[in-house]
Amino acid sequence: MISELLQGLNPKQQEAVQAVKGPVLVLAGPGSGKTRVLTQRIAYLIEEEGVDPFNILAVTFTNKAAQEMKDRLEALLGPGRATALTVGTFHSVCSRFLRREIKHLGRSPDFTIYDSDDQLRLVKRVLRDLNLDEKQNLPRTIQNKISKAKNEMLDAAKFAQSKQNFAEQITASCYERYQELLLESNALDFDDLLMTTVQIFRQFPEVLAAYQQRYTYLLVDEYQDTNRVQYLLVKNLAAQGQNVFVVGDNDQSVYSFRGADVRNILQFERDYPTAQVILLEQNYRSTQAILDVAQAVIKGGKKQKYLKSLWTEKRVGVKVSLQEGYDPDDEARLVVTEIERLRRVGSYQLNDFALIYRTNAQSRALEEAFLARGLRYQIIGGIRFYERKEIKDVLAYLRLLHNPFDRVSLERVLATPGRGIGSQTEAELQRWATAMGVPIYQSLLALANLEQGETPLGLQVPFNTRARKALLSFLKSIEDLRAISTTFDLVGLIDALLEQLKLQEILRKEYGQDEGEERWANILELRNVAGEFTCLPREQQLATFLAEVALVSDTDSLKDQAEAVTCITLHQAKGLEYPVVFLIGLEEGLLPHSRSLDNQDTIEEERRLFYVGATRAKERLYLLYTFRRSFYGQWITSTPSRFLADIPPDLINRPAQPKKLVQPPENTLVPRNGPRLVAPLSNQGPSEPRRLNSPISSKGSVLSSGPTERIFLPGQRVRHQRFGEGVVVSSKLVEDDEEVTVDFLFKGQKRMLANLAKLEQLEP
DNA sequence: TCCGCCTAGGTTTTT
DNA sequence: CCTAGGCGGA
């Protein structure tokens with residue numbers, strides 16, 4: 001009997017799901033159901049091959065993908081069947097692994113995980129410790145270098161060896177001190193989670209052997225986005241059984257900035273000579289019109305032969321639209337207007353729409369347009385929930401309670417709220433702790449003992465009376481909370497903390513009524529999340545909560561059912577799909593991003609980003625760019641993205657702009673909030689070709705010509721100069737125009753060419 | 001120590 | 001444009 005698990009899969013997919021033991025590489029285009037194949041494969045292994053879920057490790061790209069995989073398995077196999085399965089991101093899997101195994105390095109499992117913000121603070125601390133100038137040694141740059149080194153498995157010593165020039169020696173000494181502070185803080189940063197795991201594997205072969213024995217089946221999604229250390233993790237775990245099943249798409253490799261190396265997937269067969277390679281080329285997501293454009297862009301740059309091509313059985317569908325907005329506000333307005341139109345004439349809901357952009361900053365203009373029209377929207381990313389100041393403040397207390405050596409949290413907590421402990425006192429505390437050779441928190445405890453008359457090391461009692469008082473009262477409040485944490489559950493602890501801090505009042509005072517309430521609401525949301533952990537044994541609640549909170553990303557909490565338009569970056573949109581997609585800001589300097597321009601490889605990565613964005617669309621794809629955009633407060637005339645020039649004109653519609661804008665007179669400032677000097681004129685038929693300054697190419701490019709998109713859909717209200725108002729009955733595209741049948745209020749039905757007749761769109 | 005004014009510099013993308 | 005840090009004054 002053919003397994004039910006194979007039903008609804010095409011032969012290629014079935015082949016992948018049933019692949020025999022041994023290494024398997026599934027090269028799969030966008031929308032090819034690769035994540036589904038991965039999931040079905042796991043179900044198949046358990047159901048048909050009798051594999052114990054305990055022996056399976058599946059690595060996904062986000063926690064959200066992991067959750068979805070678990071849910072799907074539950075649905076396929078029945079409840080409870082797959083609970084022994086290990087699923088998660090590299091980071092979460094390694095984090096769990098280290099809680100168990102870090103003891104081999106003589107470290108406590110109660111380590112704190114430092115996120116990027118914590119990393120940066122720690123680097124700043126390092127620079128101050130080493131008396132280095134923050135101007136000459138930018139903390140961000142140093143943080144990036146350290147992170148990069150860790151992703152390449154270079155520890156501080158190896159880094160110092162490999163870099164000989166003076167500037168890098170400075171970085172090396174920062175790296176060294178940085179690791180010292182991490183160790184002293186009993187903390188691991190994001191990158192350590194992976195690097196330390198591999199180090200343990202190397203140093204303790206018996207530990208590795210145990211995991212190799214356990215995980216006889218290893219599956220990895222988005223393999224093209226693995227970096228060196230992730231590659232080594234996979235390789236180490238797969239070394240014995242070779243049962244490694246990876247899925248990915250080299251055309252969607254967009255994470256080289258965090259060390260991802262597309263060669264990992266391209267050289268899979270070299271790493272695993274017995275590998276089977278399966279190509280999934282059929283696309284189940286997008287229409288042919290969308291796929292054609294996406295393929296044109298991805299192929300545009302390269303001469304090399306492609307590993308795979310894409311095809312679909314879906315209908316050709318609506319042509320992809322390309323449109324210019326005057327500026328980002330106008331661009332946003334065009335999008336919102338189109339969303340409103342599609343909602344009227346089609347059966348779309350708000351969550352069918354996605355606005356995808358290169359940089360988070362672009363979401364600002366969108367936000368304003370949505371607010372102005374009263375459409376619900378959700379912006380993914382930007383300031384992440386767990387990076388909000390008020391949230392981090394509260395988390396800092398919780399982290400300090402769980403791990404008193406956590407240096408970054410201690411410093412944060414000392415400074416907020418103001419309690420009379422400033423940089424002077426802090427520096428002195430630091431000196432004193434160093435003199436005693438203990439971590440800062442212990443030196444505080446020693447200070448308390450000193451107060452009670454003990455003088456352990458015969459050191460002089462430091463600090464003036466005021467500072468000492470402040471420090472001791474601080475210590476007392478922490479110790480009080482610590483006592484509470486040993487009797488109350490997590491929510492009880494948080495309540496006590498909020499009470500002690502008088503946080504609600506502080507927030508209201510600091511940010512005013514409205515924003516104060518908003519931030520307080522965030523705190524309550526955090527408290528809500530904490531509530532989900534109170535079902536655990538009390539001793540585990542805080543640790544589990546903190547580990548979880550450190551590793552979630554924003555897309556993880558993305559709600560599909562939310563009735564709102566989604567605004568999201570290209571990177572975060574990877575793996576998602578929407579019926580209608582607007583790719584905005586398709587301009588030189590933005591996509592490709594200006595920071596990528598000095599290097600051919602990074603420009604090609606930008607091209608892949610375009611490809612990823614375009615292939616998110618199922619039914620309709622809109623490409624937009626602006627005439628001008630402001631950078632650093634300066635208006636710059638935009639140049640349309642070079643990737644647009646790779647699209648054959650006949651694949652694209654350049655709609656007659658329903659709203660035509662005129663350039664403002666020279667040297668006229670357009671006030672940000674005042675009345676716009678550039679008023680949208682009501683439409684008067686086909687617009688004059690907009691002056692495109694520096695078009696990419698004069699012919700063979702979508703930028704120079706193009707027929708019209710179908711904008712007069714049935715139900716659209718229109719006005720004609722002679723016939724007056726009417727409603728569109730039907731329409732179809734013809735050569736260079738759109739043929740519409742209109743039912744006029746007084747003149748009955750007429751058929752005409754929309755642009756030729758200068759037909760005007762009206763609001764409903 | 002804290003507050004507020006000022007200026008110089010900065011914008012990719014994320015687990 | 002915006003914001004984080006530096007600097008002067010209370």
Side-chain angles (χ1 to χ4, degrees), chain A residues 59-66 88-95 113-117 119-121 124 134-135 138-141 143-144 147 150-151 188-195 222 225-227 229-230 253-260 328 356-365 380-384 386-387 389 414-426 464 466-467 470 510 548-556 568-575 585 589-597 602-603 605-606 608-610 612-613 629-636 672:
Chain A
V59 182
T60 54
F61 194 66
T62 63
N63 288 300
K64 184 185 180 229
T89 62
F90 277 107
H91 287 86
S92 68
V93 166
C94 287
S95 157
I113 299 170
Y114 280 175
D115 67 16
S116 324
D117 180 58
Q119 287 177 299
L120 193 62
R121 282 165 185 270
K124 286 180 182 169
E134 289 198 11
K135 293 270 158 61
L138 293 172
R140 261 244 106 77
T141 313
Q143 183 207 338
N144 280 333
S147 171
K150 289 182 176 181
N151 283 327
L188 296 177
D189 68 18
F190 268 153
D191 307 303
D192 279 340
L193 292 176
L194 309 187
M195 183 173 78
E222 307 280 13
D225 285 322
T226 50
N227 58 31
V229 61
Q230 292 166 334
S253 147
V254 291
Y255 278 96
S256 70
F257 68 89
R258 71 175 194 214
I356 311 185
Y357 38 80
R358 178 66 231 270
T359 66
N360 280 307
Q362 288 171 261
S363 64
R364 201 186 187 92
I380 310 302
I383 325 116
R384 289 187 238 315
Y386 291 108
E387 284 172 15
K389 185 183 177 302
L414 276 174
T416 46
R419 47 163 64 85
I421 304 173
S423 56
Q424 287 298 317
T425 310
E426 199 207 298
N464 59 43
R466 212 176 66 165
E510 196 146 314
E548 190 103 344
V549 150
L551 294 172
V552 294
S553 73
D554 245 35
T555 32
D556 296 338
I568 194 168
T569 64
L570 284 162
H571 283 90
Q572 292 200 109
K574 196 162 80 142
L590 225 38
L591 187 69
H593 194 271
S594 53
R595 298 281 283 246
S596 73
L597 293 178
T602 49
I603 292 177
E605 179 151 321
E606 301 287 304
R608 293 194 291 272
L609 268 176
F610 194 131
V612 166
R629 184 177 293 276
S630 75
F631 288 97
Y632 307 115
Q634 285 238 310
W635 287 101
I636 306 285
R672 190 173 146 74

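Residue numbers start from 1 in every chain, and the chains themselves are labelled A, B, ... in the order their sequence lines are given, proteins ahead of strands. As the structure is a prediction and not an experimental result, all values here were calculated from the model.
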Hey, does the side chain of E605(A) reach the backbone of S256(A) with a donor-acceptor pair shorter than 3.5 angstrom? yes
Among dT15(B), dT13(B), dG5(C), the one nearest any side-chain atom of K124(A) is dG5(C)
From dT14(B), dT15(B), dC2(C), nucleotide with atom closest to T569(A) side chain: dT14(B)
Among side-chain atoms of T359(A) and Q362(A), is any donor-acceptor pair under 3.5 angstrom? yes
Considering only atom P, compute the distance from dA4(C) to dT13(B) and round it to an integer number of Å. 15 Å
Donor-acceptor contact below 3.5 Å, side chain Y357(A) vs main chain I568(A): yes
Let me know the distance between CZ of R140(A) and C1' of dA4(C), rounded to the nearest Å. 13 Å
Under-4.0 Å side-chain N/O to phosphate OP1/OP2 contact, N360(A) with dT14(B): yes
Using atom CD of E222(A) as one end and atom P of dT15(B) as the other, report the distance to the nearest whole Å. 12 Å
Quick note, T89(A) side chain, CB onward, closest among dT15(B), dT13(B), dG10(B) is dT15(B)
Ring centres within less than 5.5 Å and planes less than 30° apart: is that true of F257(A) and dT14(B) in this structure? no
Figure out the CZ/P separation between F631(A) and dG9(B), and round it to whole Å. 20 Å
Looking across every strand, which nucleic acid part, if any, lies under 4.0 Å from S630(A) by heavy atom: base, sugar-phosphate, or nothing? nothing
Once you round it to whole Å, what is the distance between C1' of dT14(B) and CG of L570(A)? 14 Å
To the nearest 0.5 Å, what is the distance between CG (L591(A)) and CG (L609(A))? 6.5 Å
Find the distance W635(A):CH2 to dC1(C):P and express it as a whole number of Å. 11 Å
Round to a whole Å and report the spacing from CG of D117(A) to C1' of dA4(C). 13 Å
Let me know the distance between CD of Q572(A) and P of dT14(B), rounded to the nearest Å. 5 Å
Return the value, rounded to whole Å, for the distance between atom NE2 of H91(A) and atom C1' of dT14(B). 9 Å
Measure centre to centre between the rings of H593(A) and F257(A), then say whether the value is under 6.0 Å. no
